[in-house]
Amino acid sequence: MSTTGPDAGAGPVRPRSRADLRIVLIHGNAGASVEGIWFPYLRRELEALGHRVVAETFPDPIKGRMRFWLPYLTDVVRPDENTVIVGHSSGALAAFRYAETAPLLGTFAVAGHHTDCGFELERRSGFFDRPWDWDAIRANQRFIAQFHSKDDPWVPFEVAEELHELTGSDFTAMDGMGHFGSYEQRMDTFPELLDAIRRRLESPLTWQEDG
């Protein structure tokens, strides 16, 4: 496992207070939900640390289309500058599109991507119908962190490396983790992600005001 830039991607957003922190979990498409893979584990462990966690299965979970996911995130979940989003696969797409126009505290992108990777389901999701505003995505949050495995069967590692360059993320590369869970890969725990979230939220750099 290798990690680059422990404080990379810090932006100008000023959170109101630690007491207002929420952590939002967003699953991927193809029928995924927050009841699958490591989401229940992560929710349980984060709540045990005293954090407020929002874990809801999004509408249209099979196709994962932006025209359903982004309004649900914006109008129902309603993230703000005190919200950390943990997005798996297509869940990271929703976080990035949201951050183009609204503030977050930060994003953890697990097996994230920014292209359709040659899959028709992804191409038709709507997330790739317009260019990404990476300047806004970076500016509207204090940090972006990535986890990606070199043997991901769905998102090539080269795509993750390009995403890292575009976002300025704190990039953790791992071996043998596949897509970090899918209908073909059981993965019930994710202690590396839990530890990264804990360390990020304990860091004074996450909370300090700019200027």
Would you say CZ of Arg124 has more than 12 non-hydrogen atoms from neighbouring residues, nucleotides or ligands within 6.0 angstrom?
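At most 12 heavy atoms, drawn from other residues, nucleotides or ligands, come within 6.0 Å of this atom.
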For Arg198, is the CZ atom crowded, meaning more than 12 foreign heavy atoms sit under 6.0 Å from it?
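Yes, CZ of Arg198 has more than 12 neighbouring heavy atoms, counting only those of other groups under 6.0 Å.
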Closest approach of [X] to [Y] (non-hydrogen atoms, all atoms of both residues):
{"X": "Ile85", "Y": "Ile26", "answer": "CG2-CD1, 3.7 Å"}
{"X": "Val34", "Y": "Leu25", "answer": "CG1-O, 3.9 Å"}
{"X": "His113", "Y": "Ser90", "answer": "NE2-N, 4.1 Å"}

Looking only at the side chains, is there a donor atom on one of [X] and [Y] sitting less than 3.5 Å from an acceptor on the other?
{"X": "His179", "Y": "Ser149", "answer": "no"}
{"X": "Thr83", "Y": "Asp80", "answer": "yes"}
{"X": "Gln146", "Y": "Thr172", "answer": "no"}
{"X": "Asn29", "Y": "Glu122", "answer": "yes"}

Taking the ring centre of each residue, are [X] and [Y] less than 6.0 Å apart?
{"X": "Phe171", "Y": "Phe147", "answer": "no"}
{"X": "Tyr41", "Y": "Phe190", "answer": "no"}
{"X": "Trp38", "Y": "His88", "answer": "yes"}

Is there a donor-acceptor pair closer than 3.5 Å between any side-chain N or O of Tyr72 and the backbone N or O of Arg67?
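No.
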Look at the side chain of His51 and the backbone N and O of Val53, then say whether any donor-acceptor pair between them is shorter than 3.5 Å.
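No.
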Drop me the distance from [X]'s [atom1] to [Y]'s [atom2], to the nearest 0.5 angstrom.
{"X": "Ser33", "Y": "Phe58", "atom1": "OG", "atom2": "CZ", "value": "12.5 Å"}
{"X": "Asp133", "Y": "Glu100", "atom1": "CG", "atom2": "CD", "value": "5.5 Å"}
{"X": "Leu105", "Y": "Gln141", "atom1": "CG", "atom2": "CD", "value": "8.5 Å"}

Side-chain contact, heavy-atom cut-off 4.5 Å: Cys117 with Pro156?
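Cys117 reaches Pro156 side chain to side chain.
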Where does the angle between the aromatic ring planes of Phe128 and Trp132 fall among parallel (under 30°), tilted (30 to 60°) and perpendicular (over 60°)?
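Because their plane-to-plane angle is over 60°, the rings of Phe128 and Trp132 count as perpendicular.
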Salt bridge or not for [X] and [Y], using N-O below 4.0 Å?
{"X": "Asp135", "Y": "Arg138", "value": "yes"}
{"X": "Asp60", "Y": "Lys63", "value": "no"}
{"X": "Arg123", "Y": "Glu120", "value": "yes"}

Salt bridge (Lys or Arg N to Asp or Glu O under 4.0 Å) between Asp188 and Arg186, worked out:
CA-CA 6 Å; Asp188 295 331; Arg186 181 171 179 174; 2.7 Å; yes
